[in-house]
Amino acid sequence: MPAQTAPIIGRLHSYETLGTLDGPGLRLVVFLQGCPMRCLFCHNPDTWDMKGGRSVTVEEIVAKARRMRPYFGSTGGVTLSGGEPLAQPQFTLALLQALKNESIHTVLDTSGTAVFSANECAHDQDTQIIKEILTVTDLVLLDIKATSADGFQALTSSSMAGLEHFLELANANHQTVWIRQVIVPGINESVESVQALGQFLQRYPQLQIQKVELLPYHTLGVSKYVQMAISYPLAKLPALPAEKLSVLQEEVEKWSFLQRS
Ligand code: SF4
């Protein structure tokens, strides 16, 4: 009798069925639990705790995706989001592989910074697993929080080195990506800051960047901080006005290095 392999268990925060914002077409969005970053503007602090959420198997999610296949059409599929999916690298890899075995389109929504270790051995393992994850990811939604080391550290309480390493691996893999950046009043709302994002992206010329979406800072997540009885670092900051965002997005539309789909 062949040996049975134990199912790989992950931690799930929640699902969104028929999502339209996190990748092309209609999608099953799987919000995985756990994030090592602490972005000042995070509107999902309930996803931070690595032990929160509930247990889930690859099989449960694949079965749900199979049932939704009729809605996916030719462009939809499954998006892994969070939290940070790379904070559960083995589970994320197994899930993406299983979805690809079903010929389901896969999107990884990530900040790119989760699993890289200062320990050299662990770093090699992390590199290998990210390479494998990228080979079974059709599209990366990469949320770039900031483009200077100091700015990144101040905004996320994390080092930017992991993001840069992730980008090197994605660049080597000619990865198709959509870039996102949250525009926060008083932090990165200037045209110069958006231009710095453009210069930063051009350091990775083999990326297939189809779009750059600037997202307005909003205050919708504040109630979660109240519920969780933790202080919200940007408590007095107003949402970004829509007209401010349009001016910045016009700057992005000038970039000739984008490979618009
Ligand atoms: S990476 Fe996302 S989930 Fe994690 S702290 Fe930042 S905004 Fe929140």
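Keep in mind that what you see is a predicted model, and the values were worked out from it rather than measured. Atom set for the values below is all heavy atoms of this structure, side chains included, hydrogens, waters and symmetry mates excluded. Positions are given from 1, in the same order as the sequence printed here. Order of appearance sets the numbers: ligands from 1, and atoms from 1 within every ligand.
Counting atoms of ligand 1 from 1 in the listed order, those under 4.0 Å from a heavy atom of Trp48 are 5 (S), 8 (Fe).
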Counting only pairs under 3.5 Å, give me each side-chain donor-acceptor contact of residues 191-205, with atom names and distances, residues two or more places apart or in other chains.
| from | atom 1 | to | atom 2 | distance (Å) |
| --- | --- | --- | --- | --- |
| Gln195 | NE2 | Glu251 | OE2 | 3.2 |
| Gln202 | NE2 | Gly198 | O | 3.3 |
| Arg203 | NH2 | Glu164 | OE2 | 3.0 |

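Excluding waters, the protein N/O/S atoms found under 2.8 Å from atom 6 (Fe) of ligand 1 are Cys39 SG.
Counting non-hydrogen atoms of neighbouring residues, nucleotides and ligands closer than 6.0 angstrom, the OH atom of Tyr71 reaches no more than 12 such neighbours.
Here the closest non-hydrogen pair linking Asp138 and Thr106 is OD2-N, 2.8 Å.
Checking side-chain atoms of Asp143 against main-chain N and O of Thr110 turns up no donor-acceptor pair under 3.5 Å.
Applying the salt bridge (Lys or Arg N to Asp or Glu O under 4.0 Å) criterion to Lys224, with sequence neighbours excluded, gives Asp46. The side chain to side chain contact (heavy atoms under 4.5 Å, CB included) search around Gln153 returns Ser159, not counting sequence neighbours.
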